[in-house]
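Along the sequence shown, the residues carry numbers beginning at 1.
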Amino acid sequence: MTLILTGSPTRFGEDRFTEDNGLLAAVQAALPASPRVLLVSAAPDDRAFTDYVLTSMTDCIRRSGIRPERVTMLDRRNAAAAPDLVRNADWIVLCGGHVPTQNRFLHEIRLKELLRGFDGLVMGCSAGSMNCAERVFSHPELPGEAVDPAYPRWLEGLGLTQLQIVPHYHQVRDVVLDGLRLFEDVIFPESWRHAFYTFPDGGYILQKDGRQTLHGTAWEISNGQMRQIAAENHVYTFMNVVFISPHFPQTYGHFCSGLRANGVNVLGIADAPYHELTDELRGALTDYYKVNNLEDYGEVYRAVAWFAHKYGKIDWIESNNEYWLEQDARLRTDFNVTTGIKSDRVAAIRNKSEMKKYYAAGGIPTARQIKGSEGEAKVRAFVRKTGYPVIAKPDSGMGASGTFKICSDADLDAWFRDHADNYGYFVVEEFITGLLVSYDAIFDADGKPLFENNSVFPTPIMEIVHANLETCYWTNKTVPAKLAAIGRRTVKAFGITGRFVHLEYFQLDRDREGLGKKGDYVGLEVNMRPPGGYTPDMMNFAHSTDVYQIWADMVAFNERRKGEGEQYYCAYAGRRDCYQYRHSHEELMARYGADICMAERVPAALSDDLCDMAYIARFKERRDVERFFEFVCEK
């Protein structure tokens with residue numbers, strides 16, 4: 001079925017379908033050469049009005065260059081023949097009129113059931129478009145309805161769309177009914193729970209092949225406000241994005257808000273009760289499905305299936321979280337979602353041993369490595385070749401969890417003893433000294449970077465966790481050209497498009513044979529998700545932008561729409577509760593209050609890496625970053 005929702009297919013005062021915004025072309029593309037047209041009345045008992053609509057609509061269709069085989073009006077006189085009339089139609093037009101009156105008639109003739117399996121064009125005009133929704137907002141139209149407590153504003157519709165529209169924008173924008181302003185006093189209060197779309201006659205929504213697009217000048221009314229979302233000859237795409245675990249980390253609600261601002265249906269799946277979600281996240285979600293356990297693939301699969309049944313084709317499935325990468329890929333595979341990595345490629349970005357193959361294909365130097373599964377003898381031979389120290393870490397893992405620095409034969413013996421049952425799940429890698437840096441970027445569907453960032457980690461997270469140190473790192477004002485070049489080359493080698501990436505490199509502190517010269521970059525790990533913790537917020541502070549919105553714009557429009565302002569160095573300094581610091585919180589804020597962008601407690605789940613208290617500040621000069629670290633961490 002092709003569905004077109006409009007207030008009127010003609011511009012005001014015209015006698016034929018408008019060609020503006022491609023409306024006439026969209027109608028013609030959905031019809032055979034000589035379509036059989038069925039008009040469904042909005043005033044089934046008003047014979048004179050119905051006959052007038054039949055004549056005027058038939059003339060309008062013909063003047064538009066469409067040559068129908070026949071045009072029939074379905075009203076009270078032939079209601080008993082509705083099943084045959086629907087079955088033999090190519091094009092069904094739901095006419096305009098009084099919404100509740102038409103709604104009753106649609107239920108009487110059981111049109112919702114009759115349209116199941118219909119493979120032609122359904123076009124709504126005004127009330128007909130409104131009645132296509134699953135839940136119809138029947139705003140007051142006639143005197144007395146706005147103040148009548150018995151007037152039902154929400155009705156059961158045909159269930160052809162989830163969208164509620166307010167037709168005839170120019171004619172109804174300033175309407176006052178029973179002393180109430182239609183928009184500000186009637187529609188706006190309802191928009192805290194529902195979104196409405198309003199546009200002038202000639203604009204329309206097209207639903208085809210599971211995708212909804214809005215054509216022409218239009219506004220969205222939501223959360224008590226109205227904002228323009230499209231202009232003439234502009235196409236605004238409604239998308240269905242399933243966001244897995246949108247509540248954790250808490251800042252991921254910003255991704256959902258960015259999507260929602262772009263008109264995307266944000267469909268959340270998590271294991272938290274709905275009332276525990278933040279206000280921002282609840283406002284951003286179109287719908288929410290609580291599962292008992294996100295680890296239970298069957299539960300999560302059923303949640304996605306429910307959304308697909310209710311909202312149509314799923315366009316994206318994403319968590320932006322490394323922990324769920326494999327599950328995300330499996331869901332995309334099972335639901336044939338092509339905007340992301342599927343199961344056949346997830347190992348390349350999840351397993352450290354598989355990453356090496358792609359690094360090699362892109363000519364990117366990396367540390368030598370061996371899989372523990374090759375056996376103890378081969379691992380020991382590898383270590384004799386590379387020398388100590390070496391690093392043992394899970395082949396499939398994230399962060400510094402389960403990572404060990406092995407500095408001697410005794411350490412290696414102890415590591416094998418402690419991991420006698422699972423050393424095959426690890427990789428052992430030569431230890432490279434240098435500065436740990438990241439290349440963070442958002443790439444569009446064509447593999448082009450829309451945003452790039454560089455963060456510097458003077459003390460690797462592994463050492464911070466193992467030695468219980470303070471976490472101190474910063475984001476640079478700009479990305480070094482050599483780092484940007486190798487970052488882009490890495491993304492291309494892995495064949496990644498349409499993603500936020502966090503790639504880690506060592507910048508060599510000395511020449512190393514087979515790897516490069518001092519200052520060169522060596523690939524460490526690829527993470528096909530945003531950097532963890534508060535780094536996305538630090539990017540915003542450093543570049544005076546909004547990376548959450550940039551990512552959401554990439555998803556919705558495959559382009560960047562958010563610019564940047566003044567550039568800064570943004571520094572993160574963490575404190576641990578187990579230490580006594582020289583400078584109190586009050587002293588710190590007194591000295592750096594004008595520079596502080598964020599100061600808050602770190603969630604317990606992140607405190608091993610990021611400490612217990614986070615201070616984020618931005619500076620124009622690099623030297624101020626070190627002074628900030630020294631002041632915050634001095635004991």
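In summary, the side chains of D553 and Y548 do not present any donor paired with an acceptor at a separation below 3.5 Å, with no hydrogens or angles considered. Of the N and O atoms on the side chains of S257 and E280, at least one donor lies less than 3.5 Å from an acceptor on the other residue. Side-chain contact of E145 with H98: a donor-acceptor pair under 3.5 Å is present, judged by distance alone. For T545 and N540, the side-chain atoms include no donor-acceptor pair closer than 3.5 Å. Of the N and O atoms on the side chains of Q212 and Y236, not one donor lies less than 3.5 Å from an acceptor on the other residue. Between the side chains of E564 and S544, no donor N or O sits under 3.5 Å from an acceptor N or O.
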Side chain to side chain contact (heavy atoms under 4.5 Å, CB included) between T497 and F443, intermediate numbers included = CA-CA 6 Å; T497 59; F443 280 79; 6.0 Å; no
For the pair K562 and D546, evaluate salt bridge (Lys or Arg N to Asp or Glu O under 4.0 Å) and give the outcome as yes or no after the intermediate values.
-> CA-CA 7 Å; K562 185 72 175 178; D546 185 345; 5.5 Å; no
Are E113 and R116 close enough, and set up right, to give a side chain to side chain contact (heavy atoms under 4.5 Å, CB included), and what steps lead you there?
-> CA-CA 6 Å; E113 290 80 5; R116 289 175 184 162; 3.9 Å; yes
Would you check, one step at a time, whether the test side chain to side chain contact (heavy atoms under 4.5 Å, CB included) holds for V186 with R153?
-> CA-CA 10 Å; V186 176; R153 295 189 179 182; 3.6 Å; yes
Going through the checks in order, is the salt bridge (Lys or Arg N to Asp or Glu O under 4.0 Å) test met by K448 and E559?
-> CA-CA 10 Å; K448 298 177 183 177; E559 65 183 31; over 6 Å; no
Verdict with reasoning, H168 to F12, per ring-ring contact (aromatic ring centres under 6.0 Å, His included) = CA-CA 9 Å; H168 314 302; F12 185 74; 9.8 Å; no
Give the C-alpha distance, both sets of side-chain angles, the deciding distance and a yes or no for side chain to side chain contact (heavy atoms under 4.5 Å, CB included) between M539 and F451.
-> CA-CA 10 Å; M539 295 176 187; F451 169 83; 3.7 Å; yes
Could you walk me through whether R77 and D51 pass the salt bridge (Lys or Arg N to Asp or Glu O under 4.0 Å) test, one step at a time?
-> CA-CA 11 Å; R77 289 168 286 188; D51 290 343; 2.9 Å; yes
Can you check salt bridge (Lys or Arg N to Asp or Glu O under 4.0 Å) on R63 and E14, steps first, answer last?
-> CA-CA 11 Å; R63 281 192 291 264; E14 296 182 354; over 6 Å; no
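Screening T286, N265, D287, N240 against K310 for a side-chain contact (heavy atoms from CB on, under 4.5 Å) leaves a single residue, D287.
Under the 3.5 Å distance criterion, the side-chain polar atoms of D178 are matched with a main-chain donor or acceptor of G144. A distance-only check finds a donor-acceptor pair linking the side chain of T339 to the backbone of D315 [under 3.5 Å]. D46 contributes a side-chain N or O that, together with a main-chain N or O of F49, makes up a donor-acceptor pair within less than 3.5 Å. Side-chain atoms of S222 never come within 3.5 Å of backbone atoms of S191 as a donor-acceptor pair (strictly under, hydrogens ignored).
We find the CG-CZ distance between L450 and F557 to be 13.0 Å, quoted to the nearest 0.5 Å. Interatomic distance, L285 CG to L267 CG, rounded to the nearest 0.5 Å: 8.5 Å. Expressed to the nearest 0.5 Å, how far CG of D537 lies from SG of C597 amounts to 10.0 Å.
Put simply, the side chain of W154 reaches to within 4.5 Å of the side chain of Q164, judged on heavy atoms. Counting only heavy atoms from C-beta outward, the side chains of P44 and T101 approach each other to under 4.5 Å. For the pair F243 and N320, the minimum side-chain heavy-atom distance is below 4.5 Å. Between L24 and T18 there is no side-chain heavy-atom pair separated by less than 4.5 Å. The shortest side-chain heavy-atom distance between E318 and R332 falls under the 4.5 Å cut-off. Counting heavy atoms from C-beta on, the side chains of I205 and L163 come closer than 4.5 Å.
Counting heavy-atom neighbours within 6.0 Å of R70 CZ, excluding the residue itself, gives a total above 12.
Residues satisfying the ring pair (Phe, Tyr, Trp, His ring centres under 6.0 Å) test with Y204, not counting sequence neighbours, are H215. T55 is linked by a side chain to side chain contact (heavy atoms under 4.5 Å, CB included) to D59, counting only residues two or more places apart in sequence or in another chain.
Aromatic ring centres of Y197 and W219: separated by at least 6.0 Å.
In this pair, Y297 and Y301 present their aromatic rings tilted. The plane angle is within the 30 to 60° band.
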